[in-house]
Amino acid sequence: VQHTFLGQVVILDDIQSYSVCNDYVSHPWSTHKQKKLIMRTGAAVSSIVAPISRSRKRKRTNISTAIISIIVTAIVVIVTVLLAIAVLPFSRGSAGTARSDGGEMGFGQKQSLRQTAADQSGYKKSEHGGLLIHTELGTVRIYFTPQLSGATSIEYIQKVVQSSNADEHRNHLGSNASSCDRCNFYRAEPDLLLQGVLSQQSVPISDVLLGPCPLADWKPSTTCPSHDPECGCHGPLMTRGMVGWAGGGSGPDFFINTYLQPVEWWEHQHTVWGQIKEEESFQLIEKIYKLPATVKGMRMLDQKIEFRIELF
C-alpha cells in the first residue's frame, strides 16, 4: 500500500506501479523534485513487486501442473481397474484349463459349470484315490477322476472291489487284491485302446449315471430320450491315458485310451472315470498289445487276461 498526497493506492504489480508514477508526474501540482522522487519510488517498488509477481505466477503454474498430474493419474488408475474387471472372467475361464501332461483338471478340456456341478453331485472323498488292476504281466494304476464322471461311477467301482473282498480270499498278486465275477481284458487295438470288463454279480450297474456334458452350450444333433437329455455328450475329448465306460454307456465294460492325440472322432460320448499317469502302466499295456489276437471287426485277444482289483 502506497500512501501519497493523491490518496492511498494499492500496487498490485510492476505495470500498475509505473502507471501510478506516470499519473503523479503528469499532475500539475507536482514539482520537479516530486517528479524525480515519484519516479524513483515507482522504480523501487517495481523492483520489489515484480519478483513477487513472477513468484506468484510460478506458484500458480506449479499448482496447475500438480492438478493435471493428479487428474492423469486418476484416469490411469480407473482405466487399469476397468481393464482388470474386463479380463477377469477370461482368466477364470482359462485358470480351469486342463493340463495336457495328465493333470486332474479336465485333461485337455476347459472346466465348465456342468463339470463343476459334478464335483458336488454327492461324491464323498475317501482314503482311496484310484484302482489297481493286477495281471500276471504287471499292474495298471488308474487314478479316479470324479470331477469328470460324477459320483456314481466311482462308487460303483468301490462297491465292486469291496464286494469282491468279501466274497473271495486274497492271493499272491497283492495283499489286498481280490478277483471279481467278470474282471478281464478281452480287446486290444494297438496304439488306440485296451478294453475290458469290471463286474460283480452282487453290485448292480443300473445305479451308475452317465457323466456330465463339459460343453455349456451343447446342442444334440438328434432328439434325446427323456432319461438322457444330453445324449452324445457325457465327457471331454479323450486324451492318452484316460479311462472310461465303453460304447458311450455306463459300464461295466471299460477301455483305456492310448492314442497320442485327442480322439476327436469319439467326440464327447464317453464317461471318463479314471486316468493313467505312470509310464510303467503304459508299458504293460504295450505288452498286452503284442499278445496273439484275432480281428473280427474288432481285434479280440485269443486269450482273455484275467485280473484282480485293489483300491489305493
Side-chain angles (χ1 to χ4, degrees), residues 102 107-108 130-145 148-149 152-154 156-158 160-161 164 173 177 179-201 203 205-206 208-211 232 234-310:
F107 306 105
L131 178 70
L132 296 175
I133 296 180
H134 299 286
T135 73
E136 293 290 348
L137 298 175
T139 299
V140 176
R141 180 183 291 265
I142 301 173
Y143 293 85
F144 289 145
T145 57
L148 299 179
S149 65
T152 56
S153 291
I154 310 303
Y156 168 78
I157 296 170
Q158 291 175 332
V160 169
V161 175
S164 301
L173 288 175
S179 63
C180 53
D181 297 336
R182 292 175 59 217
C183 289
N184 62 73
F185 291 117
Y186 57 84
R187 178 187 176 194
E189 305 285 353
D191 302 323
L192 181 59
L193 64 85
L194 177 63
Q195 187 166 322
V197 62
L198 184 66
S199 175
Q200 182 74 0
Q201 187 175 359
V203 181
I205 193 66
S206 58
V208 179
L209 301 177
L210 295 170
H234 294 293
L237 285 179
M238 296 193 72
T239 56
R240 184 174 184 258
M242 282 188 173
V243 185
W245 299 124
S250 57
D253 295 85
F254 71 98
F255 69 100
I256 302 170
N257 173 41
T258 61
Y259 196 66
L260 294 178
Q261 302 297 326
V263 191
E264 296 183 357
W265 63 87
W266 287 344
E267 298 181 332
H268 298 269
Q269 299 175 21
H270 303 288
T271 298
V272 176
W273 55 262
Q275 171 76 24
I276 291 177
K277 298 179 181 180
E278 284 85 5
E279 195 60 34
E280 291 79 5
S281 295
F282 287 109
Q283 293 173 358
L284 172 61
I285 295 173
E286 291 296 326
K287 292 180 181 179
I288 297 175
Y289 282 160
K290 297 177 181 179
L291 297 177
T294 302
V295 177
K296 299 178 180 178
M298 296 183 290
R299 188 174 180 274
M300 312 300 287
L301 292 171
D302 291 345
Q303 184 176 354
K304 295 178 182 179
I305 300 178
E306 304 292 334
F307 59 75
R308 292 175 174 267
I309 51 178
E310 176 186 355

### Summary
When every non-hydrogen atom of Arg141 is compared with those of Ile276, the smallest separation belongs to O-CG1, 3.7 Å
### Message
Nearest 0.5 Å, please: how far is OG1 in Thr258 from CD1 in Ile256?
### Response
9.0 Å
### Query
If we only count heavy atoms from C-beta on, is the Phe185 to Ile285 side-chain gap below 4.5 Å?
no
### Query
Is Thr135 close to Val140 at the side-chain level, that is, under 4.5 Å between some pair of heavy atoms?
no
### Query
Looking at CD of Gln200 and OG of Ser164, how far apart are the two atoms once the value is rounded to the nearest 0.5 Å?
3.5 Å
### Query
Judged by modelled atom types alone, do Tyr143 and Glu278 share a side-chain donor-acceptor pair under 3.5 Å?
yes
### Query
Is there a donor-acceptor pair closer than 3.5 Å between any side-chain N or O of Thr152 and the backbone N or O of Leu209?
yes
### Query
Any side-chain heavy atom of Ser199 sitting closer than 4.5 Å to one from Ile205?
no
### Query
In terms of the angle between their ring planes, are His270 and Phe255 parallel, tilted or perpendicular, with boundaries placed at 30° and 60°?
perpendicular
### Query
Does CD in Gln201 sit with more than 12 non-hydrogen atoms of other residues, nucleotides or ligands closer than 6.0 Å?
no
### Query
Once the angle between the rings of Trp245 and Trp273 is folded into 0 to 90°, is it parallel (under 30°), tilted (30 to 60°) or perpendicular (over 60°)?
tilted
### Query
Are Tyr259 and Trp265 close enough that their ring centres sit under 6.0 Å apart?
yes
### Query
Does Arg308 come within less than 4.0 Å of Glu310, counting only side-chain N to carboxylate O?
no
### Query
Rounded to the nearest 0.5 Å, how far does CD1 of Ile157 lie from SG of Cys180?
11.0 Å
### Message
I'd like to know if the side chain of His134 reaches the main chain of Phe307, judged simply by a donor and an acceptor atom lying under 3.5 Å from each other, with no hydrogens or angles considered.
### Response
no
### Message
To check you understand the geometry: which heavy-atom pair defines the closest contact between Gly235 and His268, and what is its length?
### Response
O-ND1, 2.9 Å
### Query
Does any non-hydrogen side-chain atom of Leu291 lie less than 4.5 Å from one of Leu137?
yes
### Query
How long is the span from the CG atom in Leu237 to the CD atom in Glu267, to the nearest 0.5 Å?
8.0 Å
### Task
Would you sort out whether Arg240 and Glu279 count as a salt bridge (charged side-chain N to carboxylate O under 4.0 Å, His left out), showing the intermediate values?
CA-CA 11 Å; Arg240 184 174 184 258; Glu279 195 60 34; 3.6 Å; yes
## Note on the structure
Distance col, row Asp191:CG vs Leu260:CG, nearest 0.5 angstrom, shows 7.0 Å
### Query
Counting N and O atoms only, with roles assigned by atom type, does the side chain of Thr271 sit under 3.5 Å from a partner on the main chain of Leu210, one being a donor and the other an acceptor?
no
Name every donor-acceptor pair, under 3.5 Å, that has one atom in a side chain of residues 296-306 and the other anywhere in the protein, sequence neighbours excluded.
from, atom 1, to, atom 2, distance (Å)
Arg299, NH1, Ala188, O, 3.0
Arg299, NH2, Tyr289, O, 3.3
Asp302, OD1, Thr294, N, 3.3
Asp302, OD1, Thr294, OG1, 2.7

#### Entry: Closest non-hydrogen atom pair between Ser250 and Val208, with its separation
O-CG1, 3.5 Å
### Query
How long is the gap from CD1 on Ile133 to CD1 on Ile309, to the nearest 0.5 Å?
8.0 Å
### Query
Is there a side-chain contact between Phe144 and Ser149, using heavy atoms and a 4.5 Å cut-off?
no
### Message
Could you check whether atom CZ of Arg182 has more than 12 heavy atoms from other residues, nucleotides or ligands sitting under 6.0 Å from it?
### Response
no
